[in-house]
Structure formats: C-alpha cells, structure tokens
Amino acid sequence: MLILSISVYGQNIDIGKECRAIQFVNKDSINSISKLTPIYNKRGFLLVTNGVYDFIIDGKKYFQSIVLRIENDRFYISKNWESKTENEIISDTVEVSINQEIRIRTVSIDKGIGNIPSRTNPKIYKVSIIKSDFCRFKNVEILSKGIKYFGHYYFTEIGIKKILILDQKALLCEENGEFILRRS
C-alpha cells in the first residue's frame with residue numbers, strides 16, 4: 001500500500017489508496033461533485049484515524065476521543081487517552097457500529113474565545129464509512145511549559161486545532177496559550 005504525506009490547511013495527513021474514513025454528508029448536498037476533506041464544512045466532512053473528535057453515540061458523550069481504527073462497517077475510539085513525552089497511553093477502546101446514531105459536537109474556539117458548540121443532526125447528515133484518499137492525521141509535537149508532548153489534531157467548527165491530554169485534562173493548544181476543554 002502506498003501512503004504519502006500532504007498538508008491539508010497546514011495539518012499533516014497521510015494519504016493512500018486503501019484507507020477508510022467516516023463520512024458525514026449533508027443530505028441536501030449528496031449529489032455535489034466536490035470532494036469532502038477532514039476539515040469541517042456544513043456540506044460535509046470526513047473523520048480520519050488518529051484525529052480527535054467530540055462524539056455523541058446513541059446519546060452517550062465521548063468528547064475528545066481519538067479514532068483508533070476504521071473498518072468497513074465499524075470504527076474504534078478511545079475516550080481515555082493521555083499524552084506523554086515520547087508516546088501516549090490508550091486505556092480503553094469503544095467499538096462503534098456505523099448503524100448507531102452518531103453525532104459530532106463541534107466547538108467554535110479561536111485564540112481562547114469560544115462560542116456555543118453545535119452538533120450534527122442525523123436528520124440532516126448521512127453517516128457512512130467510505131474508501132478515502134485521506135488515511136490518518138499524523139501525530140503532532142506540542143510544547144507545553146517547556147516540555148515536548150505527543151499530541152493530536154482536534155476537529156473544530158473553525159478548523160483543526162492541536163490538543164493534548166495531561167492528568168485527564170484536555171488542553172487546546174494555541175499560539176496564545178493552552179485552554180482547558182470540558183470533557184463531558
């Protein structure tokens with residue numbers, strides 16, 4: 001399998017031919033010819049492996065969960081992961097069937113200023129797993145208080161942000177500081 005690395009709006013992402021992504025497409029936009037990406041758009045977007053998302057699955061919240069693996073009809077996430085200096089700790093795995101009710105909460109935060117989060121609506125978005133050129137987000141190195149940590153990219157309504165979890169606290173990392181995110 002050939003995998004290349006590219007930058008999507010400044011974020012490192014691996015691409016290849018045998019990858020899967022979770023697709024959210026607005027039912028009014030199904031016949032659109034433009035390609036969806038891992039960046040939020042009201043028309044639709046993709047969720048990829050190694051990205052961090054705020055899931056609501058069958059009414060249960062899994063905020064700041066990392067996508068571990070995507071298969072033909074299911075995917076696996078972890079809500080309890082922790083950033084370390086050289087790697088990360090994954091302490092749980094949740095299997096999600098594509099037939100469950102899956103919503104994504106999108107926060108809108110930039111430079112420490114946030115708005116009320118929104119959620120995808122299953123009546124508006126069709127959710128499926130597709131073959132995709134977009135494989136996975138690469139890990140991101142985050143400098144916090146002079147220490148380098150193993151972090152990830154976090155899906156928000158206004159783009160992809162850097163996130164790490166330390167001592168069970170989710171920290172959104174921006175140029176002007178770190179901001180604690182609500183976990184439930």
Side-chain angles (χ1 to χ4, degrees), residues 1-79 81 94-110 114-140 151-163 172 174 181:
M1 171 170 53
L2 174 67
I3 294 183
L4 303 170
S5 291
I6 64 167
S7 179
V8 177
Y9 298 100
Q11 315 314 316
N12 289 323
I13 190 162
D14 288 330
I15 62 170
K17 296 218 182 263
E18 296 297 321
C19 302
R20 300 207 184 289
I22 304 160
Q23 176 180 261
F24 279 73
V25 64
N26 188 306
K27 292 176 182 176
D28 290 338
S29 302
I30 287 178
N31 295 324
S32 175
I33 59 170
S34 59
K35 193 171 190 176
L36 299 178
T37 70
I39 306 296
Y40 177 81
N41 183 307
K42 287 183 181 182
R43 190 179 56 74
F45 51 87
L46 301 175
L47 309 184
V48 298
T49 303
N50 213 37
V52 175
Y53 306 92
D54 290 349
F55 288 99
I56 303 169
I57 301 166
D58 293 334
K60 188 171 180 184
K61 297 174 184 174
Y62 297 89
F63 291 170
Q64 295 93 39
S65 290
I66 186 169
V67 174
L68 301 171
R69 187 170 77 241
I70 302 172
E71 296 179 353
N72 290 336
D73 61 352
R74 64 188 34 105
F75 60 96
Y76 300 85
I77 62 174
S78 174
K79 182 177 179 179
W81 61 278
V94 176
E95 180 181 327
V96 181
S97 166
I98 198 63
N99 297 322
Q100 291 178 261
E101 183 181 276
I102 304 164
R103 296 175 182 240
I104 297 295
R105 180 185 81 148
T106 54
V107 297
S108 175
I109 189 167
D110 194 32
N115 290 321
I116 296 172
S118 60
R119 297 176 181 189
T120 59
N121 184 334
K123 293 178 183 175
I124 296 173
Y125 285 91
K126 179 179 187 276
V127 182
S128 59
I129 294 177
I130 62 164
K131 286 186 178 180
S132 173
D133 292 338
F134 296 104
C135 289
R136 65 188 319 268
F137 279 115
K138 288 185 169 185
N139 300 320
V140 61
H152 293 280
Y153 290 109
Y154 178 55
F155 185 81
T156 74
E157 194 169 300
I158 57 173
I160 302 295
K161 304 287 186 172
K162 294 177 183 178
I163 188 173
L172 183 72
E174 296 191 292
L181 295 172

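Side-chain atoms are counted along with the backbone in the values below, which use heavy atoms only and exclude waters and symmetry mates.
In this view, Tyr154 satisfies the ring-ring contact (aromatic ring centres under 6.0 Å, His included) rule with no residue, not counting sequence neighbours. Under the ring-ring contact (aromatic ring centres under 6.0 Å, His included) criterion, Tyr40 pairs with Phe45, not counting sequence neighbours. Residues satisfying the side-chain hydrogen bond (donor to acceptor under 3.5 Å, both in side chains) criterion with Arg74, sequence neighbours excluded, are Glu95.
Phe134 and Leu46 make their closest contact through CD1-CD1, 3.6 Å (heavy atoms, listed as atom of the first residue, atom of the second, distance). The heavy-atom pair separating Lys35 from Asp133 by the smallest distance is NZ-OD2, 2.6 Å. Minimum interatomic distance between His152 and Asn139 (heavy atoms only, all atoms of both residues): CE1-OD1, 3.1 Å.
Between Ile56 atom CD1 and Thr120 atom OG1 the span is 7.5 Å, to the nearest 0.5 Å. With rounding to the nearest 0.5 Å, the separation of CG in Leu68 from CZ in Arg136 is 10.0 Å. With values rounded to the nearest 0.5 angstrom, Tyr153 atom OH is found 12.5 Å from Lys161 atom NZ. Here CD of Gln100 is found 4.5 Å from CG of Asp58. Values are rounded to the nearest 0.5 Å. For the atom pair Ile163 CD1 and Gln64 CD, the distance stands at 5.0 Å (nearest 0.5 Å). In this structure, CZ in Phe24 is found 4.0 Å from CD1 in Ile104, a value given to the nearest 0.5 Å.
No side-chain heavy atom of Val52 sits under 4.5 Å from any side-chain heavy atom of Phe137. When side chains are defined from C-beta on, Ile22 counts as touching Ile70, because their heavy atoms get closer than 4.5 Å.
For the pair Arg20 and Glu71, the salt-bridge criterion is not met [side-chain N within less than 4.0 Å of a carboxylate O].
A side chain to side chain donor-acceptor pair (under 3.5 Å) with Asp54 holds for exactly one of Lys61, Arg103, Arg105; it is Arg105.
Side-chain atoms of Ser78 do not come within 3.5 Å of backbone N or O of Ile66 as any donor-acceptor pair. At distances below 3.5 Å, at least one donor-acceptor pair connects side-chain atoms of Tyr53 with backbone N or O atoms of Val48. Counting only distance, with no hydrogens or angles, the side chain of Lys27 and the backbone of Pro122 share a donor-acceptor pair below 3.5 Å.
Residues Thr106 and Glu157 bring a donor and an acceptor atom of their side chains to less than 3.5 Å of each other.
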